[in-house]
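Hydrogens, waters and symmetry mates are skipped; everything else that's a heavy atom, side chains included, is used. Every chain is numbered from 1 and lettered A, B, ... according to where its sequence line falls, protein lines coming before strand lines. Remember, it's a predicted structure, so these values are computed and weren't measured experimentally.
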Amino acid sequence: MSAAVATGLELDSAITLSQARVGCDMQVRVLSGPGCERLRRMGFCEEIRLMKLSGGRNLLCRVCGTKMAISRELADQVWVTPVE
Amino acid sequence: MSGNGMGEAATVVLIGNPNAGKSTLFNALTGANRKVGNYAGVSVDAAEGGFYTPHGKKIRLLDLPGCYSLRGGSPDEQIAAEGLMGNLRGTNAPDLAVCVVDASALERHLRLVLEVIDLGLPVVVVLNKVDLAENGGLRLDAQLLSEELGVPVVPMRADRGKGLLELKQALRFPFPAGSRVKAAESTAGVADHQARILQICETAARRPDEDQLTLSDKLDRVLLHPVLGWVAFAAVMFLVMWAIFSFAGIPMGWIEALQGLVSGWVEGMLPNGELRSLVVDGMIGGVFGVLVFLPQIILLFLFIGLLESSGYMARAAYLMDGIMSRAGLSGKAFLPLFSSYACAIPGVMATRTIDSAKERLATIFVAPWMSCSARLPVYFLIVPLLLHESEGTWKQAVILFCIYATGTITALLVALLLRMKLGKDEGQRSFMLELPPYQAPQWRYIFRHVAERAMSFITKAGTVILGLSILLWALSTYPRQAGRNESDALAHSAMGRMGSWIEPVVKPLGFDGRIGTAVLTSFAAREVFNSSLAVLFRVEEGESDEESRSLLRDRIAAATWPDGRKLFTPLTLISLLVFYIYALQCLPTSAVVAREAGSLKWAVGQFLFMSGFAYLASFLVYQIGSLFL
């Protein structure tokens with residue numbers, strides 16, 4: 001029960017990848033939007049850890065050892081939480 | 001299944017994510033020279049080759065385009081899925097699938113492996129670039145990975161041939177059965193796959209706790225910087241143009257000297273007459289008029305190969321996305337467009353990586369406006385005429401840079417209009433691209449590729465161009481009337497008459513009948529323009545090498561209209577350049593466009609549009625320019 005509450009609270013604090021700070025380690029919590037399937041195919045899956053490398057029109061991030069560029073529209077569909 | 005008997009070849013497919021190293025492995029196993037590069041989407045079609053295992057089993061190997069999932073939407077991903085199912089025309093159902101994965105990105109690549117395993121096919125996993133991954137701090141356990149997946153796993157470094165023998169051993173007959181792990185988890189969906197991948201990687205491929213800053217990261221701070229990145233991009237492009245002009249001078253001199261020697265030898269062997277004229281003016285003049293630009297072609301392919309092999313191409317696509325999006329395209333479309341600088345045919349085919357059908361059509365339509373290597377002999381003949389001899393090669397490089405920029409900018413503007421006409425995409429299409437780590441060029445592949453392209457150019461000069469040169473010589477010589485001087489004889493010939501018919505059409509562009517004829521003949525192949533000029537302006541070998549070297553340019557520079565006005569004025573030269581930037585004079589490209597667009601009308605429309613556009617642009621340049629000059 002407490003674990004479920006903790007997970008719920010953690011999800012409440014999730015932000016989109018566009019909003020995340022550059023240089024922070026993040027964990028993907030939820031994918032939400034029309035680009036979900038495409039994002040998953042490219043490796044942006046739930047529970048995956050990533051690091052945002054730069055912001056801007058197209059964001060740069062490192063996902064599982066690969067540097068990826070994704071548009072802000074897609075980054076808005078990736079909900080992340082910081083990794084301690 | 002095709003290979004159950006020992007005498008029959010077994011069919012094995014190579015499948016994996018883009019840029020995993022499939023084509024590199026294919027080349028290493030079969031000795032082929034399939035195009036490789038360090039960015040996603042280099043291979044967009046299937047290729048077949050063969051090799052023998054150490055046990056004497058013949059393997060028919062099929063290299064499939066990269067795909068992220070068997071349910072991918074882009075044409076190249078569909079080809080990969082079809083190939084795996086044995087549905088590609090001319091291929092059998094595979095007996096085994098070799099899944100190539102990049103060891104440093106296992107979490108992403110294993111997803112496709114699990115999809116393939118779920119099909120029930122025997123699978124061997126190739127853990128490629130394994131030493132690079134371990135140097136990056138990844139702790140890999142191939143044995144554990146094999147146990148987790150239930151299939152053989154072979155660590156490799158395909159570009160250096162490491163692990164090839166082990167892979168061939170793993171392909172011994174009979175092939176391993178499909179994974180037993182798959183049967184236990186046959187209900188696996190996307191979420192289950194993901195959970196399983198994380199669990200496998202937790203044990204078999206542990207990442208270091210902290211991200212390390214790599215050399216690629218440091219380079220990207222400059223090369224992807226919003227301002228410095230563009231400076232670097234422009235500098236790289238300009239450097240390529242400058243190097244092509246600067247470094248090619250010496251080998252061009254050798255080829256021109258060779259032309260002088262061959263012509264001199266023939267002149268010594270044959271008496272003055274038609275046969276000597278055919279060989280010297282028609283055959284040698286026509287072929288060497290094109291062949292002399294071989295060094296530039298070699299340099300262009302060398303630099304394109306270096307850029308593709310280094311990993312910079314994906315960075316250029318990232319930078320270009322902002323500009324491309326204003327034209328209704330994405331940064332992904334930049335890669336096929338850049339390929340078209342070498343040749344429009346692979347460029348048009350490379351559009352298969354584009355998900356959106358409408359974006360793909362627009363990219364196919366404008367790709368031939370990226371100045372391909374066949375235009376270079378024309379540019380290299382004309383550009384120096386715009387400048388004084390004493391002016392440096394950097395000015396020629398600036399003009400060449402402007403030529404490329406003109407074609408590219410116009411292509412983007414037309415793409416924008418086309419996208420507006422075609423309408424918006426049905427689904428959301430947003431930019432997403434892998435940026436692979438930079439790597440040292442694969443010199444062996446690059447040299448083989450450049451040699452292949454050079455041979456193709458020489459073969460074309462020795463066959464198509466030679467044949468057309470002989471035809472052009474005949475047309476410019478017959479019907480012959482005795483007692484006429486050379487100029488009158490040419491005017492009386494079939495080509496001279498053709499020129500007088502064409503002249504009213506091309507005069508508004510600043511061309512006379514001879515230039516018009518040369519332009520018309522170059523619709524067979526662009527390079528024929530040079531051969532036609534060589535025949536039409538009757539180049540005769542000078543006494544010294546130095547004299548013969550510049551004769552074609554000198555004769556062109558000295559050519560006049562009947563009233564004595566200079567024919568090749570700067571405005572005429574610019575008008576000519578503009579025509580060649582825009583005209584689509586390549587039948588093979590039109591054939592590929594018809595196939596890729598799935599419509600002959602599209603190819604015919606493109607040809608008519610580009611030809612009309614070239615005429616109109618050339619007309620406007622000459623007429624408007626005449627008001628000021």
Pairs of heavy atoms under 4.5 Å with chain A: top-ranked of B/S216, B/C201, B/G322, B/A133: B/G322

A/S18 versus A/D76, side-chain donor and acceptor atoms under 3.5 Å: yes

Other residues, nucleotides, ligands: >12 heavy atoms within 6.0 Å of A/R57 CZ: yes

Among the listed options A/R72, A/E47, A/M68, A/E46, the residue most often paired with chain B at heavy-atom distances under 4.5 Å: A/M68

Best-contacting candidate, A/C64, A/S54, A/G65, A/G43, against chain B by heavy atom pairs under 4.5 angstrom: A/C64

Under 3.5 Å donor-acceptor, B/N19 side chain and B/A40 backbone: no

Side-chain (B/N38) to main-chain (B/P437) donor-acceptor, under 3.5 angstrom: yes

Region of B/N17 in contact with chain A, defined by heavy-atom distances below 4.5 Å: neither

Test log, rule salt bridge (Lys or Arg N to Asp or Glu O under 4.0 Å), inputs A/K67 and B/D217: CA-CA 9 Å; A/K67 195 177 284 182; B/D217 295 327; 2.8 Å; yes

Between A/I70, A/V63, A/L59, the one whose heavy-atom pairs under 4.5 Å with chain B are most numerous: A/I70

Test: B/R315 cationic atom under 6.0 Å from B/Y438 six-membered ring centre, within 45° of axis: yes

Which atoms of B/L224 approach chain A - backbone, side chain, both or neither, heavy atom under 4.5 Å: side chain

Part of B/E77 lying under 4.5 Å from any heavy atom of chain A: side chain

